[in-house]
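Have a look at the structure below before the remarks.
Everything quoted here is computed from the prediction, not taken from an experiment.
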Amino acid sequence: MSSRFALFLLATFALVGLLTLPAAQAQVIVTVNGNVAHADISLVSGIHTYDGEVTITFDSPVNLTAQSLNLTAQVVSPSDPNLVGRLPGGTVVDPAFPILITVEPVTIDRIFASGMQLNETGDGNLRFVNAYDMEIHTHELIYVPGTPYRVFKAPLNGAFFDITADVTNGSVRGRGRSGGFSQFLLVKDTRPETVLGLPVLALGKLVDLELRLVGAIVSNLLQLELGGLLTNVQLALLSLNYAAAIVQIDLFILRVDEEAGTGIQNVWRSQRDLVNDAGDLDGLARSLRFSLVRLNGGP
């Protein structure tokens, strides 16, 4: 074997190794255990590797598999005008964790699906009730008390909004709830919670919740009852009585939970032919509660 040919072979093997290396380093691995889907994320961009994990806990899921969930992640540019335009002013994506998570459950043709598994129905399509819990966890960000990091959600390529229900350390764990999908970010929210003494962020979340209630398919009587509770929240907010506002939003969450599946539609499925009113109302209400607790001196 000539030395030139030997060098050619070495170069070829090195190139193959380089081509296969990113597949081992840049990946999203989704596993399912019962009603919990977990994604380990490790994405490479240039010399940087971004690691994180996503955990989604469902209520009574059917056909929950990695295939049906269709969870993906990608590195985004925090300065991308298309992304910046989807975020509210005063919020940014931290360059330390610029990861966009997309969950777009697919409609599965059973002709091409694998054999039946536990908790599967004949069509193989994902289905769940009420709200799911989502946690985004990463060690790329540093948690401090009063952390500005929040979980934001958007329809596919739509505007992002805050669904944060909790943020804890370890290093940053952001949690939110919702009744539907599809795109998520951990966002650094530097907007002031109050302006001229008014709790503007909480009032904005309250408006979003009121609008979602108006769009829900519920009886007139239940609409009046739930709307009355939100009016009580508003009155308490305007009088800066945050403890009273928390009591009223807790009653709202309780009544939505009680009426879910009877007085309020509460099913989501990947055919997207049903509207999960209960899940959406629960998620928005719990995010508002998170803001109220912070205003009341909580973490």
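Checked against Asn130 for a side chain to side chain contact (heavy atoms under 4.5 Å, CB included), the options Asn266, Val256, Asn276 give a single hit: Asn266.
For Leu221, the CG atom counts as loosely surrounded, since its 6.0 Å shell holds 12 or fewer non-hydrogen atoms of other residues, nucleotides or ligands. Atom CD1 of Ile142 is surrounded by 12 or fewer heavy atoms from other residues, nucleotides or ligands within 6.0 Å. Other residues, nucleotides and ligands place more than 12 heavy atoms under 6.0 Å from the CG atom of Asp273. Remark: Arg127 CZ is loosely packed, at most 12 non-hydrogen atoms of other residues, nucleotides or ligands lying under 6.0 Å away.
Nearest heavy-atom pair across Thr164 and Lys205 is O-NZ, 4.4 Å. Nearest heavy-atom pair across Gly34 and Leu64 is O-CD2, 3.8 Å. Nearest heavy atom pair, residue Ala278 against residue Ile264, reads N-CG2, 3.5 Å. Scanning all heavy atoms of the two residues, the minimum distance from Ala202 to Leu292 falls at CB-CD2, 4.3 Å. Heavy-atom minimum distance, Ser182 versus Leu156: OG-N, 3.1 Å. Closest of all the heavy-atom pairs between Ser239 and Ala236 is OG-O, 3.0 Å.
Using a 4.5 Å heavy-atom threshold, the side chains of Pro88 and Phe161 count as separate. Within the 4.5 Å cutoff, no side-chain heavy atoms of Ile101 are placed close to those of Leu186. A heavy-atom distance below 4.5 Å is found between the side chains of Leu226 and Phe252. Contact of the Tyr50 side chain with the Ile41 side chain is not registered, since no non-hydrogen atoms from C-beta on lie closer than 4.5 Å. In this structure the side chain of Gln74 never reaches within 4.5 angstrom of the side chain of Ile99, judged on heavy atoms. Using a 4.5 Å heavy-atom cutoff, the side chains of Leu83 and Pro78 are not in contact. Annotation: side chain of Arg289 is in contact with side chain of Asp250 (closest heavy-atom distance under 4.5 Å). No side-chain heavy atom of Val28 sits under 4.5 Å from any side-chain heavy atom of Thr72.
Donor-acceptor pairing under 3.5 Å is lacking for the side chains of Ser42 and Gln27. A side-chain donor from one of His38 and Thr55 sits under 3.5 Å from a side-chain acceptor of the other. Side-chain contact check for Gln183 and Arg86: at least one donor-acceptor pair (N or O, by modelled atom type) lies under 3.5 Å.
A distance-only check finds a donor-acceptor pair linking the side chain of Thr138 to the backbone of Asp51 [under 3.5 Å]. Within the 3.5 Å criterion, the main-chain N or O of Val106 finds no donor-acceptor partner in the side chain of Asn70. Between the side chain of Ser45 and the backbone N or O of His48 there is no donor-acceptor pair closer than 3.5 Å. With hydrogens and angles disregarded, no donor-acceptor distance shorter than 3.5 Å links the side chain of Ser270 to the backbone of Pro105.
Note that CG of Leu201 is 8.5 Å distant from OG1 of Thr194, once rounded to the nearest 0.5 Å. Here the OG1 atom belonging to Thr65 is positioned 8.0 Å from the CG atom belonging to Leu126, to the nearest 0.5 angstrom. Annotation: the span from Thr102 atom OG1 to Leu71 atom CG amounts to 8.0 Å, rounded to 0.5 Å. Distance check: Leu222 CG to Leu213 CG gives 8.0 Å after rounding to the nearest 0.5 Å. Taken from CG in Asp282 to CG in Asp257, the straight-line distance is 7.5 Å, to the nearest 0.5 Å. Note that CG of Leu288 is 4.5 Å distant from CD1 of Ile249, once rounded to the nearest 0.5 Å.
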>> Using side chain to side chain contact (heavy atoms under 4.5 Å, CB included), reason through Ser68 and Asn125 one step at a time and then give a plain yes or no.
In response: CA-CA 6 Å; Ser68 66; Asn125 291 295; over 6 Å; no
> How far apart are the C-alpha atoms of Leu185 and Val93, what are their side-chain angles, what is the distance that settles it, and do they pass the side chain to side chain contact (heavy atoms under 4.5 Å, CB included) test?
Replying inline: CA-CA 8 Å; Leu185 286 167; Val93 174; 4.0 Å; yes
>> Checking Leu237 against Leu206 for the side chain to side chain contact (heavy atoms under 4.5 Å, CB included) test, could you report, in this order, the C-alpha distance in whole Å, the side-chain angles of both residues, the deciding distance, and whether it holds?
In response: CA-CA 10 Å; Leu237 269 175; Leu206 177 60; 4.2 Å; yes
> What's the verdict on side chain to side chain contact (heavy atoms under 4.5 Å, CB included) for Val36 and Phe58, showing C-alpha distance, side-chain angles and the deciding distance?
Replying inline: CA-CA 6 Å; Val36 179; Phe58 291 92; over 6 Å; no
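Checked for salt-bridge contact, Asp208 and Arg212 miss the test: no charged N lies under 4.0 Å from a carboxylate O. A salt bridge links Glu104 to Arg272: one of the charged nitrogens lies within less than 4.0 Å of a carboxylate oxygen.
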All N/O donor-acceptor pairs, side-chain side in residues 165-172, below 3.5 Å, sequence neighbours left out:
unit_1	atom_1	unit_2	atom_2	d
Thr168	OG1	Arg175	NH1	3.4
Ser171	OG	His139	ND1	3.4

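In this structure, Phe184 is a member of the same hydrophobic cluster as Leu43, with clusters built from ILVMFWY side-chain heavy atoms closer than 4.5 Å. A continuous path of ILVMFWY side-chain contacts below 4.5 Å connects Leu209 to Leu238, so both sit in one hydrophobic cluster. Two different hydrophobic clusters hold Val30 and Leu100 under the rule that ILVMFWY side chains link at heavy-atom gaps under 4.5 Å. Side-chain heavy atoms closer than 4.5 Å link hydrophobic residues (I, L, V, M, F, W, Y) into clusters, and following such links, possibly through other members, connects Phe290 to Leu230. Under the 4.5 Å side-chain heavy-atom criterion for Ile, Leu, Val, Met, Phe, Trp and Tyr, Leu69 and Val129 are members of distinct hydrophobic clusters.
Listed by first and then second residue, the side chain to side chain donor-acceptor pair (under 3.5 Å) pairs involving residues 217-238 are Glu225-Arg255, Asn232-Gln248 (not counting sequence neighbours). Listed by first then second residue, pairs satisfying side chain to side chain donor-acceptor pair (under 3.5 Å) with a partner in residues 148-158 read Asp94-Tyr149, not counting sequence neighbours.
Ring pair Trp268/Phe128 is parallel by interplanar angle, where below 30° counts as parallel and above 60° as perpendicular.
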